[in-house]
Visitor: 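Sending over a structure as C-alpha cells; questions will come in a sec.
Note on naming: letters A, B, ... go to the chains in the order of the sequence lines (proteins, then strands), and numbering restarts at 1 for each one.
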Amino acid sequence: MSTFLNDLKYAFRQLHKNPGFAVVVILILALGIGINATAFTVVNAVLFRPLPVKDPQQLCSLSIHTQEQVYDGTFTYPDLEFFQDNADVFEGVLTFKSMSLSWQWQPNQTRKILAEWVSRDYFNILGVKTSLGRSFNLEEQSVPNAYPVVVLSHAFWSSEFDSSPDILGTDIIISSKNYTIVGVAEPGFEGMRPSRSPDLWLPMMMMVQVSGGALTRDTNYEVIGRLRREVSRRNAETQLTALLPELDKNSNNFSGKRGQGRVVLTRCGHGSLAGKDRGAAWVGSLVFLAVTGMVLLIACANMANLLLARAMARRREIATRLALGAGRFDLIRQLLCESLVLALAGGCVGLWLTHGAVQLFMSMRPGGVKLPQAIGLDTRVVVFTVCLSLLTTLIFGLIPALQGTRVAISQALKENQGMLSSDTKRFGVRNILIAAQITLCVVLLMMAGLLLRNLQQTMNIDFGFDDKHTLLVQLPESLFKERDVDPYSIHERVMDQIQALPDVEGASLVGQIQLSGGSLETTVSLPGTENGQKAITYYVGPDYFNTMRIGVKQGREFSLHDRKGQKNVVIINETLARLLWPNENPIGQIVGSNEKTFEVCGIVANSKYHDVRETPQPAAYYCSLQTGWAQVLIVRSKGQPVLLRRVLEEKIHALDPSVARSQARTYTQQIRGVLIAERFASLFITLIGAGGLLLASVGLYGVVSYMGRLRTPEIGMRVALGAQKIDIIRLVVRQAVRIVLVGLSVGMCLAVPFALFLSKLTPFELSVFDPATFVIVTSVLLMTAALACLIPALRAAKIDPMEALRYE
Amino acid sequence: MIKLQNIQKRYNTKAGFTYVLQQITLDIAEGEFVTLMGPSGAGKTTLLNIIGMLDSDWEGQYTLDDNSVHTLKPRQRLALNKQYVGFVFQNFNLLDSLTVYENLEAPLSYRNVKGAERASIVCDTLDRFGIVGKKDLFPSQLSGGQQQLVGVARAVVASPKLILADEPTGNLHSAQGQEVMELLTKLNQQGTTIIQVTHSEKYAAYSRRIINLKDGWMDGEVTPRQLPRKDR
Ligand SMILES: Nc1ncnc2c1ncn2[C@@H]1O[C@H](COP(=O)(O)OP(=O)(O)O)[C@@H](O)[C@H]1O
Ligand SMILES: [Mg+2]
C-alpha cells in the first residue's frame, strides 16, 4: 500500500512538473471518454434506467405468439378487462394510450398537449403517488363519460401553473370540454414511456368524449401487468396461456387464432421504449457504442504515443533507476500509476463534459425527438466511465510502460539529451500507433460517407407519387366527435373551404398517408376461399390518385358517388392485381375484407408505402367516404407549396376555431421526417468521424514534429552541406507519407466488411463499393494529413545549421 | 572477490566487428581500491558496466565471489548487481523529480527495505555525508559538488560490497573532487571494495593499484608513487 502511495505521489509530481503535457493528455482523454459516456448515457436512458415507479422489475408487457403472428400491443379494451378480471398472476393490469389533444389555455387560444388516457388503477398499480391532491378514484375510472377529471404531470404543473397549489379543483378545457384538476403526479414520473412523456393523464372512461366510441373499437392497446412477487415469469406465462382459449371466445375480432398461441411476458419497467422499438434500440445502441468506441481507441493510440515519447525522453531516468536496482516491474507499476492518474482525471473531466453534452442534447431535441427528462448521470453512467478510464489506462499505458522500460542500461546512461536518434525499433511502435489511428479514422469516415450517400440516394428514389408541390394538414379532431358522423358531410365541409382557393390543383382527404413511417395491413380474400392476400391498406377520398399523381391504369378512381349505402368499392395496385388475378381482368371482381365485400373499381400504379426502399408491395385502397377514416387533408398546389400554406391553415382553422391551429407541412418534409434515423445516423457518424480525424491529425503532427526535432543535428548538417528547403521537407515528410498510406489502405480494406456489417445490423442499405465516397474520403484524409505534416516539416526546414550542430 | 578471465566485448558495426575490450584478465580482492586509467574510448566505462553487471553482452568468464556471472541470465545478473554494487556516475544521474532524501531512499525501496528501517538508514547516511540540511531540495537546486556528494551517498546507502565510480570527479573542480575522493577512501578503509575510473594522476594516487587500458587492451599495472597519507 505504501509503495502505491509513493507511486501516486511521484506520479503527481511528474505531472506537476510538466503541466502542459498533463493538460493535453487529459483533454484528449476527456474527449474520448466524454463521447463514450454521453453515448452510454443515452443508451442507459433508452434501455436500462428503471422507471421511477414501485418495483419496476415486476412490470411485464403481455404479448401472444402464434405460429403465424405475434400479437403485441394489438389488444382490445375488452381483452384488457378480461385480463383484469382473470389474470391472478398479476397484482394489477393496466393500459394507457397517448393522444395529442388541444388545450384551451386562454380564451380563444389553444395549444397541442400530449395526454395519456389511463385504465383503472393506473397510478395505484404503478405505485406512483401524487405530490398534490389525489389520483383518480374507483368511480371515476369505472363509470363511462361521467367524471371529467385530470391529473397533471409535475413538469406541466410547474411550467404552466407556476406550481400553484390553488389549481386543485379548478377546471381546464381540453378538446372543448371542461376537466377538473384533482391532482398532480409526483415529480420525475413521466408515464411508462419517457420518450413520449405526457403532460397530463385522463381516465380512459372519458375517451369516448374525444374519439367517439374509440374505447371499444380500437385494437391497439398494450396490456401491462404487475407480476405478483411469488410468481415466476415462466409460471405466469403458463398460467396466462391457459386463459387464451377463453379470451378468444370473448372476442370476435380474432376468430379463434389467438387461442392456440402462447403468452410471452417481457419486462417493461426499464428504459424508455417498448417492444419492437426496444429490440431495434439494442442493435442501434451497439452500433452507436462501437462507433464511439473507435474514437476512444484513437484517443488511446494518441495517448500511447505521447506517453511513449515521454518514456523515451525519460530513458536516462529509467536506466538510472534500473542501475540502482529497480526491477522492471517496479518501473512499469510506476508508469502505469501515472497513466492511471491521467485516465481518472480524464474520466472526471469527461464526465463533466458528458453532463454538459447531455444538457445540450436535451435542449436541442434533435429531430423533434423528445428525450426523457430523467435522462442524465446516474451510478450506472459513473461506473461505466470509471471502467472506461481503467480500460484506457491499460490500453494506452501498458504499451509505453512495456516499451519504455526495455532499456539497454549501459547505452541509455551515456545519452545526455535522453534521446537516441538511431532507435528505429521504438519508432516502429509509434508508427504503428499512428497508422492505427488513421485506419480507424478511415473506417469512420467511410461509414459517414456511405451513410450520407445512402441518404442522398434514398431521397432520389422514385416514390411512385409526386411529393413536390404537395401539402399535408391534419383536420381538427373535434370534427369527428359525434358518434356516427357521416364522412360525406365532413368531406363537403372541408372541400367547400379549399376548392375555391386559386392555387389548389387537387385535394383529397385520407385516413393515413403513404410513407408516414407506419402502415396498416388487411387481408383481401377471394369469395369462397379461406386464405387471402395480405395487403397494405389505405382509406382515401375522391381525387386521391389525381392529387398524388399516381397513375390509374385501369378503371376509375373514387368519386363522390362512392358513399355509405352505395356499393362498397376498392382500388388495388398492380402488384395485388397480379397476385389475385394473374389471368383475368380484375375490374368488377368481388373481394372480401373485414367481413364485408367490395367490388374492384380501379387498378393503380405501384408506389412506395411503408419504406422508401421496399420492393413492390400489394396494396388496397378503400374509399374513406364509405369507411369514415379520413383526418388528413392532402392538397396539391400549382406553385410553391409554401405560398399556399398560411391560407390553408387559416381555412382549416375556420372549420373549428375553438381548437388548436394545425400546422401544414409539405410532403417532402414529412418524408424527411421518416428518414430521421438515417439523417441522425449520418450526422452523428460524420461528427464522430471529424472528431477522430482531428485526433489522428494531432497525433500525426506530434510524430512528425518529434521526428523533426530528433533529427535536428542531422538536418543542420545537411543544410550546412547545401540541402535546399524542399529537400529537408521531403526528408521529414517521406516517412509520414508511408505511415499515412499504410493506414489509409488498411482502413479502406476494413471499411468494406464494416459497411457490410452495418447494413446487416441496421435498416440502412449501404452500397459498399461507392467510388465517389472512396475518392472523397481519401482526399479529405490526405489533405488533413498533408497539413499535419507540413507545418512541422516547414519548421524543420527553417533550422539554423549553426544552432543545430551545437546540439551534437 | 572479482575474477575476470579473457573478457571480450565487441560491437557489431557496419564495418564489421569492433572489439572494445580484448582479453581482459584481472583479479581484484575484497577491500581493494583500484583505479582504471586510459585515454578516452579505451573501454573503461564498458569494463565498469560489465563488472557492475549492467551489461550482459560479452564473452569470457567473470566470477564474483562464488557466482559465475557468465552463466547467469540477465535478470539474475541484475539481482546480483542489487546485492553487491553501488554506482557513482560521472554525470551524477540523480533522479530529477526526487528530492535528495528520496534519491537516497530509492535504492533501499528497490531492495524491499521496510519503511522505518529505510528512514533510519537514509537519515544516518545524510548525517554521515553532512547533507541533512539539503534533504528536501531537488538535485537542480544543488551545486555540482553537492550533487556528486549525493551521488556517492546514494551509491553507499544500501551498503554495497563493491562501489563502481565512473569518473566521479570528472565534472567537479579540485576542492570538490578532493572531498569526494576522501569520502571514497574512508569507505574503502571501512572495508568496501572500490573500482574507480579517473584521468587524474592526483586522484589515482588515492588508490593502491592502477590498471591501464588502451584500445580495449590491458596496458600494464602500476602502484601509485605516492600513497595517500594514513591520517587523511
Ligand atoms: N553502441 C556502440 N556501438 C559501437 N561502438 C560503441 C558503442 N558504444 C561504445 N562504443 C565504443 O566502445 C569504445 C569504448 O567506450 P567506453 O567504454 O565508453 O570508453 P571510455 O574508456 O571512454 O569510457 C569506444 O571506442 C566507443 O566508440
Ligand atoms: Mg567513459
Visitor: Would you say the side chain of Glu317(A) lies within less than 4.5 Å of the side chain of Leu94(B), judging by non-hydrogen atoms?
Guide: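 No; the side chains remain at least 4.5 Å from each other.
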Visitor: Assess whether atom NZ of Lys186(B) is packed by more than 12 heavy atoms of other residues, nucleotides or ligands within 6.0 Å.
Guide: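 Count not over threshold, so no.
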Visitor: Does any backbone or side-chain atom of Leu54(B) lie under 4.5 Å from a heavy atom of chain A? Answer side chain, backbone, both or neither.
Guide: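 Both parts, heavy atoms under 4.5 Å.
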Visitor: Between Arg154(B) and chain A, with a heavy-atom cut-off of 4.5 Å, which part of the residue counts as in contact: side chain, backbone, both or neither?
Guide: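 For Arg154(B), side-chain heavy atoms alone lie under 4.5 Å from chain A.
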Visitor: Verify the neighbour count for atom OH of Tyr19(B): are there more than 12 heavy atoms of other residues, nucleotides or ligands below 6.0 Å?
Guide: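 Buried by this count: over 12 neighbours within 6.0 Å.
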Visitor: Which members of residues 337-349 of chain A, sorted by number, sit under 4.5 angstrom from chain B on a heavy-atom basis?
Guide: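 Hits under 4.5 Å: none found.
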Visitor: For a 4.5 angstrom cut-off between non-hydrogen side-chain atoms, does Tyr110(B) reach Leu331(A)?
Guide: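 Yes, at least one pair of side-chain atoms sits under 4.5 Å.
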Visitor: Does any heavy atom of chain B fall under 4.5 Å from the side chain of Arg328(A), the backbone, both, or neither of them?
Guide: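 Neither part; nothing is under 4.5 Å.
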Visitor: Roughly how far, to the nearest 0.5 Å, is the CG atom of Asn81(B) from the CG atom of Leu322(A)?
Guide: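 CG of Asn81(B) is found 9.5 Å from CG of Leu322(A).
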Visitor: Can you name the nearest heavy-atom pair linking Leu324(A) to Arg111(B), along with the distance?
Guide: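 What the structure gives for the nearest pair is O-NH1, 2.8 Å.
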Visitor: By salt bridge (Lys or Arg N to Asp or Glu O under 4.0 Å), which residues pair with Lys9(B), not counting sequence neighbours?
Guide: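 Listed in chain order: Asp55(B).
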Visitor: Which pair of heavy atoms, one from Asn93(B) and one from Thr320(A), lies closest together, and at what distance?
Guide: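 Minimum heavy-atom separation between Asn93(B) and Thr320(A): O-CG2, 3.0 Å.
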Visitor: Can you tell which part of Asn49(B) gets under 4.5 Å to a heavy atom of chain A, answering side chain, backbone, both or neither?
Guide: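 Side chain only.
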Visitor: For Gln14(A), which atoms come within 4.5 Å of any heavy atom of chain B: side chain, backbone, both, or neither?
Guide: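 For Gln14(A), the contact with chain B is made by the side chain alone.
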Visitor: Can you measure from CD (Glu105(B)) to CG (Asn6(A)) and round to the nearest 0.5 angstrom?
Guide: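 Rounded to the nearest 0.5 Å, the CD-CG separation comes to 6.0 Å.
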Visitor: Does any heavy atom of chain A fall under 4.5 Å from the side chain of Phe138(B), the backbone, both, or neither of them?
Guide: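 Phe138(B) touches chain A through side-chain heavy atoms alone.
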Visitor: Do you know the tightest heavy-atom contact between Thr99(B) and Arg13(A)?
Guide: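 Here Thr99(B) and Arg13(A) meet closest at N-NH1, 4.0 Å.
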Visitor: Does any backbone or side-chain atom of Leu48(B) lie under 4.5 Å from a heavy atom of chain A? Answer side chain, backbone, both or neither.
Guide: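 Neither part.
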